[in-house]
Amino acid sequence: MQAISVTKSESGFTDGLKAGISIAIGYMPVALTFGLLARTTGLTLYEAVLMSVLVFAGAAQYITLSLLAIGTGAFEIIFTIFIVNIRHLLMSASINEKVIHDSPWKKAIYAFGITDETFTVSATKQGELTTGYMYGLCLISYSSWVAFTGGGYIVGASLPSVIQQGMSVALYAMFIGLLIPSAKKSRKVLFLAGVAALLNSLFTWAHFSTGWAIVLATLLSSILVEWITGRKSNE
């Protein structure tokens, strides 16, 4: 029984690595751009890489650079990033229900690696998830982000301006690639994505902060879609 469990964990780790390849590729241009911008903002190579090692959150790191550039204080930066990343509480709670039971300290390790992209891949995977799968998925994504941050800092300045401007497109393409398969299987997923996008646009237009706009759009769209589908089921 123990041998079967170990084999399953190892297989899950390999599956996680394979599933995270698309994320690692999508992170490459975004991390390169972050490394380049960190350099222009005045951070050292050590500071730029350390931020990716400790934070591992693209949007939060980009916002931090902009706040540092205008001389924002540490408290304001920390509070802003907390609001932007508060959605991770919901994502972690959701993934916790899908991963098979394991030690809290093991969950704490891969919880650090939960991002929008790793959450999407793990949440859309059929069946239960293993701790090994989450380790593999988060490890390859995390390694790519940190490595390409350093690479962007070192060589990013030599890239043509056209390439620099188009770097962020790959990440959006990856999101679309992750959404389409799920949308094909369920119209509910497509409806949920559309409602969430509409609400997020409305909240942004109403001058909500980015973090609160995402959180409110996620909560309200989920409640609304579940209420509508629940009523249809009862009828």
Side-chain angles (χ1 to χ4, degrees), residues 13 16-17 19-21 23-96 99 102-122 131-157 167-168 170-171 174 209-212 214-215:
F13 180 79
L17 288 176
I21 291 177
I23 299 177
I25 295 174
Y27 278 172
M28 179 178 66
V30 186
L32 286 171
T33 304
F34 172 75
L36 170 62
L37 294 178
R39 182 175 184 172
T40 59
T41 304
L43 271 64
T44 65
L45 173 61
Y46 171 78
E47 291 170 338
V49 174
L50 185 62
M51 185 186 294
S52 288
V53 169
L54 298 179
V55 180
F56 187 39
Q61 293 180 222
Y62 274 98
I63 292 173
T64 299
L65 289 182
S66 63
L67 294 176
L68 288 173
I70 60 177
T72 306
F75 175 79
E76 289 83 355
I77 293 177
I78 293 173
F79 183 75
T80 301
I81 299 308
F82 171 77
I83 296 301
V84 170
N85 285 343
I86 199 172
R87 67 190 186 281
H88 286 263
L89 296 175
L90 300 175
M91 293 191 294
S92 299
S94 175
I95 293 300
N96 183 59
V99 181
D102 213 327
S103 302
W105 68 268
K106 291 182 179 180
K107 291 186 175 184
I109 294 176
Y110 68 70
F112 174 76
I114 295 179
T115 63
D116 295 332
E117 295 77 26
T118 57
F119 170 77
T120 302
V121 170
S122 55
T131 300
Y133 177 89
M134 293 302 300
Y135 279 168
L137 177 66
C138 295
L139 177 61
I140 189 172
S141 305
Y142 179 68
S143 301
S144 171
W145 182 259
V146 173
F148 286 114
T149 293
Y153 191 98
I154 296 171
V155 302
M167 278 182 171
S168 60
L171 191 60
M174 184 186 69
S209 66
T210 303
W212 280 115
I214 294 175
V215 170

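For reference, positions follow the sequence shown, starting with 1. No experiment lies behind these values; they were computed from the predicted model shown.
The main-chain N or O of Glu47 is found under 3.5 Å from a side-chain atom of Thr44 such that the two form a donor-acceptor pair. A donor-acceptor contact shorter than 3.5 Å links the side chain of Tyr153 to the backbone of Leu43. Panel note: side chain Ser94, backbone Leu90; no donor-acceptor pair is recorded below 3.5 Å.
Between Thr149 atom OG1 and Ile154 atom CD1 the span is 11.0 Å, to the nearest 0.5 Å. Remark: Leu65 CG to Leu37 CG distance equals 6.5 Å, nearest 0.5 Å. Rounded to the nearest 0.5 Å, atoms OH (Tyr135) and CD1 (Ile109) are 4.0 Å apart. To the nearest 0.5 Å, atom OG1 of residue Thr41 and atom CG of residue Leu36 are 9.0 Å apart.
Contact annotation: the side chain of Phe13 never approaches that of Thr131 to less than 4.5 Å [non-hydrogen atoms, C-beta and beyond]. Under the 4.5 Å side-chain criterion, counting only non-hydrogen atoms from C-beta, Phe56 is in contact with Phe112. Side-chain contact between Tyr62 and Val30: present, with at least one pair of heavy atoms (C-beta onward) separated by less than 4.5 Å. Considering only heavy atoms from C-beta on, Ile23 stays 4.5 Å or farther from Ile140 through its side chain.
Nearest heavy-atom pair across Tyr133 and Ala19 is OH-CB, 3.4 Å. Residues Tyr142 and Val53 come closest through the heavy atom pair OH-O, 2.8 Å. Considering all non-hydrogen atoms of both residues, Pro29 and Ile25 come closest at CD-O, 3.3 Å. In terms of heavy-atom proximity, Gly136 sits nearest to Leu17 at O-CD2, 3.3 Å. Listed here is the closest heavy atom pair of Thr118 and Gly113: OG1-O, 3.0 Å. Shortest non-hydrogen contact noted between Ile114 and Met91 is CG2-CB, 4.3 Å.
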**Asked** When you look at Ser122 and Tyr110, which way does the side chain to side chain donor-acceptor pair (under 3.5 Å) test go after all the steps?
**Response** CA-CA 12 Å; Ser122 55; Tyr110 68 70; over 6 Å; no
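For the residue pair Ser144 and Ser141, no side-chain donor N or O sits within less than 3.5 Å of a side-chain acceptor on the partner. Side-chain atoms of Glu117 and Trp145 include no donor-acceptor pair closer than 3.5 Å.
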